[in-house]
Amino acid sequence: MKKEVLSILGSTGSIGNNTVDVVSNNLNKFSVYGLTAKNNINLLLKQSHLVKPKAVAIQNKKKYKVLKKELFGKKIKIFVGDDGILELTNKKVDIVVASIVGLAGLKPTINSISNCSKLCLANKECLVSSGKFFLDTVNKHNCKLLPLDSEHNAIFQLYDYEDPSIIESITLTASGGPFRNYNLNDLKKANLKQALNHPNWKMGKKITIDSATLMNKAFEIIEAYYLFNLDIDKINVVIHPESIIHSMVNFIDGSTAAILSDHDMRIPISYALNWPTRTNNHNVKKIDLIKLKGLSFEKPNEFLKVSLKMAKYVLCKGGSYPLIMNASNEVAVKYFLNNKIKFLDIIKIVEYILKNSKKKKINTLDDVYGADIDARDQTEKYILKNNGTFK
Ligand SMILES: NC(=O)c1ccc[n+]([C@@H]2O[C@H](COP(=O)([O-])OP(=O)(O)OC[C@H]3O[C@@H](n4cnc5c(N)ncnc54)[C@H](OP(=O)(O)O)[C@@H]3O)[C@@H](O)[C@H]2O)c1
């Protein structure tokens, strides 16, 4: 059997490392061309030992010397910097896993589209910031787009972008994050340690904070809107604290289909890598219905659902609005991670920036970066000017 060749962008992150795990257990099916990281050379070296890539890229130029020394004699090409990551994606491969966090992932992911036949997309910021432009590029190059986000992956498993007219609606499930039951007073006092303590999933810091604010679910609404070509009103969210049902499709005939599995990202990753077939996933826990205590569903937290409303607001507004939401959120999360603002400030800041922004067209990569820089500048200025007091 011919092996499929893949590159993993952001291999040292939570998604990337889970992908390396799936691939390393299936080296009879996959071979790795490229791995990329920003700083974490220790993990990059460990992964290189495991899956023997032909090339690696390190974004932080200061790490190059050490990496070069460690990889001496291994016949692994080393690329460096943002340009280096882009260069790595020039190589034609079968599959690219796009799992760099944030807008930093956009350029390498866009570049990959013309150089692979299957794009496994974890980086939700690509679709959020440049949805239509991104999908047009995917379609232009006839690349198959497979969502890795567990919710969209579940929906994709039930409905492969066929005919949207058979869909009444979709229901994205959300764990509710660490603050699911918090009242307003508790939320006002919520600290970084609590926000990083996700009840079900082990993820990178940025997405963990986004889960706590429900911004992650808001971005998933935007992702689903673009991926599945559905009206905004057909995308619902329900809190499902057990994270066993990963999302549901409600068909027009009254049937609802759901995908159930343990909360382990190696399951959607394995599905996407192996699509259109499936393979044994020996290392993951299979669900046992008798042992499951129950599956419960709730409405989103009253004080956090403003994030979900924002998703619908920016989609209605269109143009650069979703991008502005993403950019201002990335900046606000950065400040929260540095203990410079309070938890609820993240939402207040994004709301303020959206209310005070003007719509721009997003038709090219330059449009994306122009609007992104403006939104980030505006957010930084607002945060610094208000010195920790946000209405
Ligand atoms: N984690 C999940 O379960 C999950 C689920 C669904 C969707 N997603 C999405 O998947 C993406 C990755 O999430 P994650 O949780 O895996 O993030 P993460 O653990 O923070 O990993 C991010 C990866 O991107 C690299 N990176 C960071 N900044 C970079 C830059 N400026 N240039 C190049 N590479 C850079 C990191 O390298 P270093 O390690 O060297 O810093 C790391 O390899 C996000 O868009 C997230 O929303 C994640």
Side-chain angles (χ1 to χ4, degrees), residues 7-22 34-48 56-64 66-67 79-89 97-109 111-112 119-129 134 146-154 156 172-175 177 196 198 200-213 215-220 222-224 227 243 246-247 262-269 272 326 329-330 333-334 337 372:
S7 288
I8 307 169
L9 314 180
S11 68
T12 50
S14 158
I15 292 285
N17 201 37
N18 273 310
T19 307
V20 170
D21 185 81
V22 173
L35 300 176
T36 83
K38 181 180 183 185
N39 286 312
N40 193 345
I41 50 174
N42 288 340
L43 186 54
L44 189 61
L45 288 168
K46 204 171 142 201
Q47 294 177 338
S48 300
V56 296
I58 187 81
Q59 192 265 349
N60 183 346
K61 293 181 178 170
K62 289 184 189 146
K63 305 275 174 175
Y64 173 70
V66 184
L67 187 62
F79 296 98
V80 64
D82 289 325
D83 290 346
I85 294 183
L86 265 187
E87 229 180 306
L88 183 142
T89 62
V97 176
S99 55
I100 291 175
V101 63
L103 202 71
L106 181 64
K107 259 191 196 167
T109 306
N111 200 42
S112 298
L119 178 69
C120 302
L121 183 69
N123 176 300
K124 58 189 77 190
E125 294 85 356
C126 284
L127 277 173
V128 172
S129 62
F134 187 85
L146 291 124
L148 285 190
D149 230 337
S150 58
E151 294 77 3
H152 306 80
N153 188 278
F156 177 79
L172 301 174
T173 51
S175 69
L196 285 173
H198 195 282
N200 299 347
W201 298 95
K202 266 205 164 99
M203 308 181 284
K205 284 185 181 173
K206 153 80 172 44
I207 187 174
T208 305
I209 301 302
D210 288 346
S211 297
T213 53
M215 278 294 179
N216 181 49
K217 210 45 58 180
F219 292 142
E220 287 178 6
I222 300 173
E223 255 188 295
L227 276 173
S243 298
H246 296 292
S247 278
D262 190 30
H263 33 85
D264 183 332
M265 284 309 292
R266 291 175 299 179
I267 298 172
I269 290 169
N326 175 63
N329 179 64
E330 269 192 38
V333 170
K334 184 183 80 183
L337 285 171
D372 181 70

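Computation of the quantities below employed the complete heavy-atom set of this structure, encompassing side-chain atoms and omitting hydrogens, waters and symmetry-equivalent molecules. First listed ligand is number 1; within each ligand, the first listed atom is number 1.
Looking at atom 20 (O) of ligand 1, its nearest protein heavy atom turns out to be G204 CA, 3.8 Å. Looking at atom 32 (N) of ligand 1, its nearest protein heavy atom turns out to be Q59 CG, 3.5 Å. Here the protein heavy atom with the shortest distance to atom 7 (C) of ligand 1 is D149 OD1, 3.3 Å. For atom 27 (C) of ligand 1, the closest non-hydrogen atom of the protein is V101 CG1, 3.7 Å. Ranking protein heavy atoms by distance to atom 19 (O) of ligand 1, first place goes to S14 N, 2.9 Å. Protein heavy atom in closest approach to atom 29 (C) of ligand 1: K38 CD, 3.6 Å. Annotation: atom 13 (O) of ligand 1 to nearest protein heavy atom, I15 CG1, 4.3 Å. In this structure, atom 36 (C) of ligand 1 lies nearest to the protein heavy atom T12 OG1, 4.0 Å.
Going from atom CD1 of I41 over to atom CG of L44 covers 8.0 Å, rounded to the nearest 0.5 Å. Separation of atoms NE2 (H263) and NE2 (H246) is listed at 7.5 Å; rounding is to 0.5 Å. Remark: E220 CD to M215 CE distance equals 13.5 Å, nearest 0.5 Å.
No option in N17, L35, T36 other than L35 meets the side chain to side chain contact (heavy atoms under 4.5 Å, CB included) test with I8. Remark: of the listed residues S99, C126, P147, C126 is the sole one forming a side chain to side chain contact (heavy atoms under 4.5 Å, CB included) with L121.
Residue contacts with ligand 1 for M265 involve side-chain atoms from C-beta outward but no N, CA, C or O (heavy atoms, distance under 4.0 Å).
Among the atoms of N39, some N or O lies under 3.5 angstrom from an N or O of ligand 1. For ligand 1, the polar-atom distance check finds an N/O of E125 within less than 3.5 Å of one of the ligand's N/O atoms. Residue G13 has at least one nitrogen or oxygen atom sitting less than 3.5 Å from a nitrogen or oxygen atom of ligand 1, judged on distance alone.
Under the 4.0 angstrom criterion for non-hydrogen atoms, K206 is not in contact with ligand 1.
Less than 4.0 angstrom separates some heavy atom of A104 from each of these atoms of ligand 1: 30 (C), 31 (N). Set against the non-hydrogen atoms of I85, the atoms of ligand 1 under 4.0 Å away are 33 (C). Residue-ligand proximity, N40 to ligand 1, at heavy-atom distances under 4.0 Å covers atoms 39 (O), 40 (O). Close contacts between ligand 1 and I207 involve ligand atoms 4 (C), 5 (C), 6 (C), 7 (C), 8 (N), 15 (O), 46 (C), 47 (O), 48 (C) [criterion: under 4.0 Å to a heavy atom].
Checking side-chain atoms of K217 against main-chain N and O of T173 turns up a donor-acceptor pair under 3.5 Å. Between the side chain of N18 and the backbone N or O of R266, no donor-acceptor pair lies under 3.5 Å. In terms of modelled atom types and a separation under 3.5 Å, the side chain of N123 and the main chain of G102 share a donor-acceptor contact.
For the residue pair N40 / T12, no side-chain donor-acceptor distance below 3.5 Å is found, with atom types taken as modelled.
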Item to check | T89 vs N111, side-chain hydrogen bond (donor to acceptor under 3.5 Å, both in side chains): CA-CA, chis, key distance, verdict | outcome: CA-CA 6 Å; T89 62; N111 200 42; 2.8 Å; yes

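Looking at G16, A37, S99, G105, it is S99 that brings a heavy atom closest to atom 23 (C) of ligand 1.
Using a cutoff of 4.0 Å between basic side-chain nitrogens and carboxylate oxygens, K124 and D149 are scored as salt-bridged.
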